[in-house]
Every structure is written in structure tokens, then in C-alpha cells.
Amino acid sequence: MKSSVIVFPGSNCDRDIAVALQKMQFKNKMIWHKETSLPKSDLIVIPGGFSYGDYLRSGAIAGKSLIIDEVIKAANSGCLILGICNGFQILTETGMLKGTLLRNKNLKFINRNVNIRVMNNETRFTSKYKLNQVLNLNIAHNEGNYYTDSNHLDQLKKDNLIAFKYSDSSGNTDDKFNPNGAIENIAGIFNDKKNILGMMPHPERMVDELISNSDGINLFSSLLD
Amino acid sequence: MGINNKIIEKHGLKIEEYKVIKKLLKRDPNLLELGVFSAMWNEHCSYKSSRIHLKKLPTKGDQVIQGPGENAGVIDIGDNDAIIFKIESHNHPSFIEPYQGAATGVGGILRDVFTMGARPIALLNSIHFGSPSHPKTKSLLNGVVSGIGGYGNCIGIPTVAGETKFNDTYNDNILVNAMAVGHAEKNKIFYSKAKGINKSVVYVGSKTGRDGIHGASMASAEFDENSDEKKPTVQVGDPFTEKLLLEACLELMKDDSIIAIQDMGAAGLTSSSVEMASKGSLGIELILDKVPCREENMSPYEMMLSESQERMLIILEDGKEEHAKKIFQKWDLDFVIIGKTTDTKKLTLKYKDEIVGEIPIEALASKAPIYDRKWTKKKIPKSINIKKFKKIGLKEALIKILSSPNHSNKSWITNQYDQMVMCDTAQKSGSDAAIIRIHNKDKAIAVAVDSSANYCKSYPITGGKQIVCENWRNLITVGAKPIAITNCLNFGNPENKEVMGEFAECLEGIKEACKFLNFPVVSGNVSFYNGTNKKNIYPTPVIGGVGLIEKLSQPLSHNFKKNNSLLILIGKTFGHLEQSCYLKENFAVEDGKPPKINFINEKNNGEIVLKLIKENFVLSSHDISSGGLLVALSEMSIGSKLGAKINKPKKLVNLTEYFFGEDQSRYILEIHENSLSDVDKILKKNNIYYENIGITQDNYFEIEGEMKIDINDLFKINNQWYNNY
Amino acid sequence: MKFSVTVTLKKNVLDPQGKVVENTLKNLGMLNLKSIRQGKFFEIEIEEENIDIAKKKVNEMCNKLLVNLIIEDYKIDIVK
Amino acid sequence: MKFSVTVTLKKNVLDPQGKVVENTLKNLGMLNLKSIRQGKFFEIEIEEENIDIAKKKVNEMCNKLLVNLIIEDYKIDIVK
Ligand SMILES: Nc1ncnc2c1ncn2[C@@H]1O[C@H](COP(=O)(O)OP(=O)(O)O)[C@@H](O)[C@H]1O
Ligand SMILES: [Mg+2]
């Protein structure tokens, strides 16, 4: 499996995702945002961080960079795209995923482990998880409060495009377990072809038992299939 | 413009100092030169009041590569790995504008570490606020915490440990100390000593604006009613640019293009250029027209004194200019050759083809004034009669302490910091020390910061010893061998004899402890003039320590691991309640002596605890500090949601003294029930005093026959305060 | 020419920031505060003396970058 | 009554955000852009019909919460 990680000025989880990908036996390349072509890849990752300092709106400026046109082309031809945290924000800014990420409802940066429930395990990203399995992943963001209009929300539900929802450890998706105010506790979504996943929690932080847990591993091993 | 007394005073210089300047120059300085002198001669840059005392600190050791004198200290952790670290204060700016003050404090200390070639791997902070009921405290707390987080989170370096304290003494002068820790290859460390003549002096990073002009002299002046007027000097941090600067510098450092490199911190272009020239016994010539400016019509005076953030000065090897320029352009940063090294031993400033200022480097550096300020010894404080306080129940007292601002759980703060980015944080804040794995290796370092202003106020020598020992203990409890410390000395007005005495005696205590424990000081920072209108803060030295875990198999926390394990208490309990948190929280009393430090016990207990941990006998461990035994035990319980059943001590002791006394050199260890005989053997063989104090259990935290609390209640008690504030 | 652009969240979009600010102000005793919405403000200077062309340029900036049209509305005013 | 408040950074204060936005717009081809500064915008409605009292209230809100007077300037306008 060949992967590419796009690096923007201010990306800061690029090394973390590269380490996770290598650990999972991906052949990974780092791609600087000023490049105008992409190597052939099965998976493109847009990593977390503060691209362009999160200035203006998080993800907005990275969404205008040259390399993004190539990412869109690759996505249209079926390449798998994973956007984590700031990567998710960039995907919504470019329209590759619909909706947007607003400030957390408490107006504070939040870093802690949260539980999320797997809402659809019949995708290239989640096949190694069980349906409704609860994962414990780390979140770290200022703007993770997912919002979309009601038409799109209906579509997300109808077409099973919600990837993960914030929950408690037994999978209850009550608003009480919503860390940031996201609509319907949404933590991650797919596009309609399900080859693009955007998610706020960081699976790459959960691949090493010594540091955290291994709940993120199956996302990467799903992709390897 | 002629220079009169008022201008001299405005520059924070004394008339006598001005006379010395004239003598050194053999003429009157012009205004630009006066500005340069004032920046270099103020307390912050010249250490004029502290230097003779700092000299006494032990700074050498087998593992010390670089002690004080460079941007940060460097220690050797084996296999060509070096750790580079330093702590620094940003107290005054943070009081004026808490968000930006704290943020730029973090930015500044990071630059000190990555200028030396290290990739920063952890951030820590020690923050002190006034009383929670003081009208300013809440917004200062909010601003400082979000500023620290705002900078560290954005640049992507985990903030992993720290301390937050409240005390009236900081009502008008908060403390914001930030510490950065980086990792470098031992053979790739960069220093600030210039070498060679006619080498290019390069300016990189952000443009220069009018921010922070005279910031360094502000940090050296007491606040008064007019401090509002000093506001325009506030600097704004740009963590995004710092991230670019970090990556660009590390990229350039891969080969040998750099002769010397120095961040522009306090007193910006002035101190960075003078420092490099002074260390290399050279001169430096700057063409100020070339300085990248953010605003129009900036004068040479403003350029030399601006404290704009995110800038560096580099001296390059011949012929490396194009290569270096490419790297900085890749990262969208300014890169301009603004001068060269010379053999004149002078700082020469040119502007519009004229020499606008010329000062011998030694007049600015080695000939800067040094004062042996008058100081008085602290009298031994009177003991207080504990019996005069009304008796209160153990449970009631414990609840009072655990729910107080100083002892409440700090996750409201730490959840605002990214603690996991870089994926090497094996232990986050919450335990005695954080653990950071060295990337791609089995080994890890432990880091912690500590201060005990109450003890230092009461009796500075003991207080000074105590914080070093407490810091050492905090590293031991997570299984790390303590290696070296950095220190940030926050004190009042040094022109006051009592304050200067507190300084001298705290330092004496720090020195003795460091010597005895072989725990040298490799870097640090002094912040004087903390206080207002002649009211000085408590002496507040902050110690930041680094220890090594040679092989990290499982991070050791202070949370209980399972039920039915044995709890043992290492070290003797005498029941020292003077200066205790028990008296402070229950009776608002802050009197008496601090607890004694016995270095021999300290060292023996610590070394044997470390041995037990290394031999895998220990499931969890915690040192006993503020709040005493009972508070330490409840913290172990709260973190794990496991309870404990503590025996009622058999001897005829006063329970309050036993459970809340703050005697030093003590640890609580959780061990497997079946390892007791092995552990007992090791402890006995080494003459370590210990007691079996109870066992862990589910659901309840209790002292046999005395008190019993549901652990969920205990958790709630400890987790309310911040959320309700 | 100089323009100002104000960007505000669309009416039906939740404004977490505005909510918190509103509550805080009420807690500070501003009881007759009815509503507060927060947005962004830009002051843009461009080298173009023809009003129509200039305004078109500013409009283009808004569409291309400054405004997230999914959730935000904007308004351009001429300053001078 | 309805007011609008625009908050801008003081002149000499670094505006990292504005700088990045400006560069991006230029990279997007907006070559005649001379400068852009970003600020905040508030739309405030209060239940008070007396202009002077109302304005005073809004001013108080600015001082107490909305504006960081150390680095920002502000301007109040009446909307209706
Ligand atoms: N309390 C202290 N203990 C040991 N060294 C100190 C102390 N205070 C300052 N130093 C050392 O003095 C030097 C100058 O410090 P400072 O002016 O803070 O450096 P910088 O200009 O790089 O911020 C540094 O090498 C620092 O480590
Ligand atoms: Mg420095």
C-alpha cells in the first residue's frame, strides 16, 4: 500500500501519522504543499496541526494551496483520502466533504481521550472494526464542532455516511458525551462515495500501547485490505 | 537631543551608572547608544544583582555538557543523545496582557532551546496567581492558560507538566514561568560564540516592529500606578511563524553552515549581536538599513531595541549564504545579511551610510555593572503552638484541602493543552513527573517543576533546599534517575535588603541540596522586581528537573493499580504541621518553620526507592509533599478510582500530625502483597525506615475506625473547584 | 481604494461564540442585552481607482477566501 | 436599539493573521491588494430606547469584555 502525507506550513501531526503508517507497513511519502504533482498513492492523508496557524478559519488557507487540486483529482478517481483533525477541516473547506467545523461550544481547546462509536463498518476505513464498537481516541482541537444543514444531515443518515459518533464507554450517544457541541455527536463523516473520511479524533495517536492504546490500529489495517 | 537626568531615568539607568557609561565611552553617548546600554545593563540581561550569588551554584557533573552561560543547559543521556533545557519567566508581560504575555513566554523559551540545535519535545510551566477572590485573578488565569496552550498547541509541542498556585502575595504580580525541553544529537549542538572575521551576520524570521521596545527594562522595574502607560510595549506572539522558524533552523543545522546562532529574546537585536561578539571576543557591524521592518520609518533606536518575536541572528560560514537563504525562503521567512563580524571588538551600527553608534563590546558585556547588594539574614522563625488550634476531624480537614484551589485537580487547565502531540508522551501531567520517550528509542526522560514559596518565605535556606529535594523526589517516583535542574528565581526588589537576603539564602539552600544530591544546575533565569509599591512577592524559586529512565517498559504513575496490594510508607513521620497546608486551608495560618531537610535521609530514601522501582517491585508510587500523608494517599486513590484502607497508627501519636504533617523525604509505595519479604530485606539492609500503612481496596477510602469516604465522592470533591470558578 | 467587509454567521447557524459572550455579558450585569452576534471584519486597501473594478476585486476575495459561503454572509462597504 | 461594533488591532501591534491572509490573497492572484487588516465585528441589540444610555451600555460591554484595550481599538455605530 502506498501512502502520501501532505505537509502544510503549520502541520504538526505529520510526523505522528508517518510513524503510524510506517508501523503498519505502508510505503509512505511526505509531500510538501508547494509541490504540483502527487506520487501514485492508494491513500492520501491530510494530517492534523495548525496549517497556516489556523488563521482566518482553520483549514481555509491550506485549502487554497496548489497541491489541493491534485488531491481533488486523486479523490475523483477513487483514491482513499483521510483527513484527521485539521485535515478534516481542510477537507470541508475545499468542499471535498460537506459541512463545516465551528468553535468548540466551550470556546476552549480540548485535549483528552473520548469514546467514539463506529457507526458504519462497511467501508474501506472501518472494515476491521465491529459495528457499534466503542473506541477510545484522543481529541485535540479548538474547532471540532461539526455543523451541516438539515438536508445534508438527512443524507448522512440515509446513506450511512456518519463514520463515528461521540459516546460513552458503552456506546450511548447522548449529548452529555459530546465534547465539542457537534451536531448529533458526529465525530467523523464519509463523502457519498465513501472514499473520503474526515474525523476529529486522532487514530494515529492510538497505535502504541506504551503511549496510549491500540484502538487506532484497525483503521489502518482496514485500509491495508 | 541632549541627554538629561530624566531621559537617563526613563531608560532604567541610575545617574551613577550613566557616569560609568561616559567613562567607558570616553564621551557622552547619543540616544541610540544610551538605549543599547540600558538594554544590556538592566537587571534582566546583565544579572547585575544576582551574578555574584549565582556563581556559587554547582554547575558541573559527569553528564553536564553545557552549564549556564549559553541559551540553555545541555546534558548527556548516553548514545549520542543530549537533552537541552531551560526555564524562563514572563511575569510582567503576563500581568499586563495575560494571553500574549504567556504565549510569548512559551515562544521565547522554545527559541532558547532550538537555537542550540534541539527539537523541542516538551513544555512545562509554573504559574502563580493571586487570591481566587481577587477581582483580576479569574481573567488572568484564563488568559495565561489559554496563552500557554495557544502557543504550544499551535506549534505542536506537548505541554506535559506544570504547577498552578494561588496566594495573596501574587495579587498584583503574577508569575508565569515556562520551561522547554529539547532533544539533540550530542555531536550536533550549536552555540552562540562568534568565530572568524568578515563572516556574514544574518537576520532570519519575522520582521521587526515597534513591539516591546524597552520590554527588558520593563521587566526590571517595579509596577506602579502608572504601569498602564507601559502597555504599548506588549508583544504579540505568532506561533505559526515560530513553527516555520523551528523547522527552517533545524533544516539548516543538518550540515555545518552555522558558526554561531542566537535567538533575539529580551533586548532583541542588541543583546543577540552583543552576546555573540562578546563570547567570541570579536566586533560586529550592523547595517541597520537592511533590517526587515514591519512598519514604516523605524529609527535605528527602535530597530535595536524592538522585542518583536520569532527572530534569530546567525553567523554563517563563508559561502553558505545561498544555501541558507534557500531554506528560509522555502519556509516563507525573511533572510537578510545585515552585517559582518569584525576585529574591532566594537558594536558598530551604520544607518544611511553613517556610523550612528559605536560601543566597545566589553563596555556592554563584561564591564557591565555588578553589584554586591546589601542583604540581611533571615531570623529563625518562631515555632507555633499547634495545640492552640481547635480540633477538627480528619475527614473534614481532608475535604477542605482537597477542594481548595491549590489542591484541586488541574484537568480544567491541562485539558486545554495538547499533551500528546509528537506521540512520545508516555505519562501526561497529573503524576509526580511527566515521562517523554526519546523518539525511536527505548529510553525516556522524566520532567517536573516545583516551588514552595511559603517555605522559602518562612526560612529561605531550608526552603531552597526543600524545593530541590522535592523536585528530585518527583523524578525518583516515576523511576527516573535525576540528572540536572534549571531554575527560575522569582523575587522582589533586590535593592531591598530583606529581599536580597531571601535571594542569597534561597540560593545557598539550593546550592547545598544540588551539591549533596549531585544534581547540578545547568541553566536558569532570574526575575527581580516582582511586586508593587514596595510590597514584594514571597521569594519563589522554581526548580525544573530532568531525569533519565534508561529503559522504559511501563510508565510509573501515582495511581493505585489493583486492589489488595500493600501500601508502605518510606521515611519517618514526625508530624511537622508548621507552614503546612493543613493549617493554611483550615485556619488560614501561614506561620512557623518549614519542615527540616535531612540530606542523608533524602539521598538514601530516594536511591533505595529508585532501586525498588528498577527491580519492578513497585506498582505505583507518590512522594509526600504539601498536605502530608493523607492528601498523598487520596491523590493516589482519586487518580485510579481505587480506594484504600489505612491502618490506624499504633503508637501514641496525634492523628492530625501523623496524617497531615509535611515531614520531608517520604514516599508511598504500592507493592504486590507477595513481594513484601523481598522489599523488606532491601529496605532493612539499607537502613531505610518504613511502615506498613494499609492496603488498597475497592470503593472506599478509609482510615480504620476514623473515617470512610466513597471514592466517587472523593473524586467529586477534588474536581469541583475549577469548574465552578 | 479602501473597503470594509463584515462577515457574519448565517441566521440559522449556531453561534457558540456569540452565545458564550452573551451569557458572560449578562452575568456581568448587562440585563437589557437582547442579542449579540459576532463576526469578522476586514479593512482592505487595493490599488485601483475604478470603483466598479475595485469592488469586484473585493467581492472576488470574499468568495475565494475570506468568507465560508456555507455558513457565512458578508457585506462590502466603501470606506474611501 | 441595534449597534455594530468593529474592533481592530492597534496600529503598531503585530497582526499575524492579517499577514498570512494578505500573502494568500496575493498568491491567489490579487496583485493590487495593498493591505488587509482583520478585526472583529459585533452586532448588539439592547432593550433601551434612549440613545445615550444605550450607547453607554454598549461602550461598557466593549470595555468590560469585547475589546482587549491593550492591543485593540474599537468603534461603535448605530444600526437602528
Ligand atoms: N538562576 C540561574 N541559575 C543558573 N543559571 C542562570 C540563572 N539565571 C540565569 N542563568 C544563566 O544565565 C544566562 C543568561 O540568561 P538569560 O538572560 O535568561 O538568557 P537568554 O538571553 O538566552 O534568555 C543563561 O545561560 C542562563 O542559563
Ligand atoms: Mg536565549
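The chains referred to below are lettered A, B, ... by the order of the sequence lines, with proteins before strands, and numbering in each begins at 1. Not measured: the values here are computed from a predicted model.
Proximity to chain D is absent for every atom of L31(C), based on heavy atoms less than 4.5 angstrom apart. Interface remark: L65(C) contributes side-chain atoms only to the contact with chain D (heavy atom separation under 4.5 Å). When heavy atoms are compared at a cutoff of 4.5 Å, T8(C) approaches chain D solely by way of its side chain, counted from C-beta outward. In this structure, chain D has a heavy atom under 4.5 Å from the side chain of T6(C), while its backbone stays farther away. The contact between E43(C) and chain D is made by backbone and side chain atoms together, counting heavy-atom distances below 4.5 Å.
Close approach to chain C, defined as a heavy atom under 4.5 Å from one of its heavy atoms, is seen in V21(D), T24(D), L25(D) of residues 18-27 of chain D, taken by number. Applying a 4.5 Å heavy-atom cutoff, the residues of residues 55-63 of chain D that approach chain C are K57(D), E60(D), M61(D).
Ranked by heavy-atom pairs under 4.5 Å with chain C, the first of E47(D), K2(D), E45(D) is E45(D).
Between the side chain of R37(C) and the main chain of D15(C), no donor-acceptor pair closer than 3.5 Å is present.
Other residues, nucleotides and ligands contribute only 12 or fewer heavy atoms inside 6.0 Å of the CD1 atom of I51(D).
Atom CZ of F42(D) and atom OG of S4(D) lie 11.5 Å apart (nearest 0.5 Å).
Residues L66(C) and E72(C) share a closest heavy-atom pair of O-OE1, 4.2 Å. Heavy atoms only, all atoms of each residue included: D77(D) and K75(D) are closest at OD2-NZ, 3.1 Å. Taking both residues in full, the closest heavy atoms of D73(D) and K10(D) are given as OD1-CE, 3.3 Å, listed atom of the first, atom of the second, then distance.
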